[in-house]
Amino acid sequence: MRNKRIEGAKHFLSTMEVGQTIVYDGPYRWRSLASAACMLAEDFGVLYKFRTKYRKGYRTITRVK
């Protein structure tokens, strides 16, 4: 049985449009999202950028390709 959090993270990331940037404050762990993005990149060639702004206190995800 697959981990439902990873499946949900993949679905969450795949719903983003190319060029879309979101400020993330959601239910999935940050590293799990990054791991799911890596799997999507290997399987489908999509590319995401994960950024953390420590001083401003937020995290962003951008779908590049």
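Taking CZ of Phe44 as the reference point, atom CG of Leu13 lies at 12.5 Å (rounded to 0.5 Å). Within the model, atoms OG1 of Thr62 and CE of Met16 stand 6.5 Å from one another, a figure rounded to the nearest 0.5 Å. Atom OG of Ser35 sits about 8.5 Å away from atom NZ of Lys10, to the nearest 0.5 Å. One distance of note links CZ of Phe12 with CD1 of Ile61; it measures 5.0 Å at 0.5 Å rounding.
In the hydrophobic cluster analysis, where Ile, Leu, Val, Met, Phe, Trp and Tyr join through side-chain heavy atoms closer than 4.5 angstrom, Tyr28 is grouped together with Ile22.
At least one side-chain heavy atom of Tyr48 sits under 4.5 Å from a side-chain heavy atom of Leu40.
Using cut-offs of 30° and 60° for the angle between ring planes, the Phe50 and Trp30 rings count as perpendicular.
Heavy-atom minimum distance, Arg63 versus Glu17: CB-O, 3.5 Å.
More than 12 heavy atoms of other residues, nucleotides or ligands sit less than 6.0 Å from atom CG of Asp43.
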